[in-house]
Amino acid sequence: GAVVSQHPSWVICKSGTSVKIECRSLDFQATTMFWYRQFPKQSLMLMATSNEGSKATYEQGVEKDKFLINHASLTLSTLTVTSAHPEDSSFYICSARDRFPKRDGVSNQPQHFGDGTRLSIL
Amino acid sequence: AQTVTQSQPEMSVQEAETVTLSCTYDTSENNYYLFWYKQPPSRQMILVIRQEAYKQQNATENRFSVNFQKAAKSFSLKISDSQLGDTAMYFCACHNTNAGKSTFGDGTTLTVKP
């Protein structure tokens with residue numbers, strides 16, 4: 001249980017294009033999803049918290065217009081990197097919080113991670 | 001602000017031996033959880049073990065156990081009988097229940113040698 005699917009797993013595109021990454025909770029509802037960015041051999045940096053039906057909350061220093069987040073349903077959040085440039089190349093990971101975690105169960109975790117998306121901008 | 005510090009960027013251990021990864025944290029919250037995650041080369045984040053801050057008993061999951069010292073804000077991970085598949089980057093994390101967000105350490109790259 002508590003499976004999060006992230007798509008695509010790897011994308012390569014030209015500078016200036018926009019890239020959309022999807023994060024889906026497959027077997028649970030998620031009112032909250034998180035988007036992280038990770039550079040090689042570095043930690044996960046929280047970019048924003050995505051809330052179903054409302055605007056995302058961005059961390060300090062993250063450009064809202066650059067990284068558009070939409071959380072239109074209880075099972076889907078999307079991150080769009082607009083007008084991507086080589087410096088946006090990174091590993092992006094989403095996670096989702098179970099709306100109804102079972103106490104002491106697998107679902108009783110603050111977040112369940114997707115497998116990540118490797119974004120390469122040429 | 002909440003911080004998590006892992007002071008060992010890299011560590012290595014012989015197969016079947018025991019290794020301990022260090023983690024200290026700082027938080028002003030009373031309600032929080034502590035976690036260790038494993039990130040193998042595939043980069044998938046895998047939960048290794050969790051500890052509720054209100055519990056004094058150290059968490060244990062098979063070969064993995066923690067030494068939770070709340071007063072010292074220390075949360076180390078001990079891996080017993082190390083296996084080659086344990087080779088990965090390990091992240092310590094503190095989850096603030098009230099804020100609903102997690103803070104991660106910089107990670108420790110563990111290599112298990114045959």
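Predicted, not measured: the structure shown is a model, and the values here were computed from it. Note on naming: letters A, B, ... go to the chains in the order of the sequence lines (proteins, then strands), and numbering restarts at 1 for each one.
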Peer 1: Just verifying a value: how many Å separate B/D106 CG and A/Q42 CD, rounded to the nearest 0.5 Å?
Peer 2: 8.0 Å
Peer 1: Please find the pair of heavy atoms, one from B/G105 and one from A/S43, that lie closest to each other, and give the distance.
Peer 2: O-OG, 2.6 Å
Peer 1: If you draw a 6.0 Å radius around CD in A/E87, do more than 12 non-hydrogen atoms from other residues or ligands fall strictly inside?
Peer 2: yes
Peer 1: Please determine whether the number of non-hydrogen atoms from other residues, nucleotides or ligands lying under 6.0 Å from atom CG of B/N98 exceeds 12.
Peer 2: yes
Peer 1: Got a second to check how far A/Q111's CD is from B/L47's CG, nearest 0.5 Å?
Peer 2: 10.0 Å
Peer 1: Would you say A/K66 has more than 12 foreign heavy atoms packed within less than 6.0 Å of its NZ?
Peer 2: yes
Peer 1: Under 4.5 Å from any heavy atom of chain B, what part of A/L44 do you find: side chain, backbone, both or neither?
Peer 2: both
Peer 1: Heavy-atom distances under 4.5 Å only: say whether A/Q6 touches chain B with side chain, backbone, both or neither.
Peer 2: neither
Peer 1: Rounded to the nearest 0.5 Å, what's the gap from OG on B/S42 to CG on A/D115? Could you check?
Peer 2: 7.5 Å
Peer 1: Mind checking whether A/F34 and B/S102 have side chains closer than 4.5 Å, heavy atoms only?
Peer 2: no
Peer 1: Is it the case that over 12 heavy atoms from other parts of the model lie below 6.0 angstrom from the CE atom of B/M11?
Peer 2: yes
Peer 1: Answer with side chain, backbone, both or neither: which region of B/Q39 has an atom nearer than 4.5 Å to a non-hydrogen atom of chain A?
Peer 2: side chain
Peer 1: Using 0.5 Å steps for rounding, measure from the CZ atom of A/F113 to the CD1 atom of B/I46.
Peer 2: 11.5 Å
Peer 1: For chain A, find which of B/M45, B/K101, B/R43 contributes the most heavy-atom pairs closer than 4.5 angstrom.
Peer 2: B/R43
Peer 1: One pair to check against side chain to side chain contact (heavy atoms under 4.5 Å, CB included): A/Q38 and B/F91. What are the steps and the verdict?
Peer 2: CA-CA 12 Å; A/Q38 185 185 28; B/F91 291 99; 3.5 Å; yes
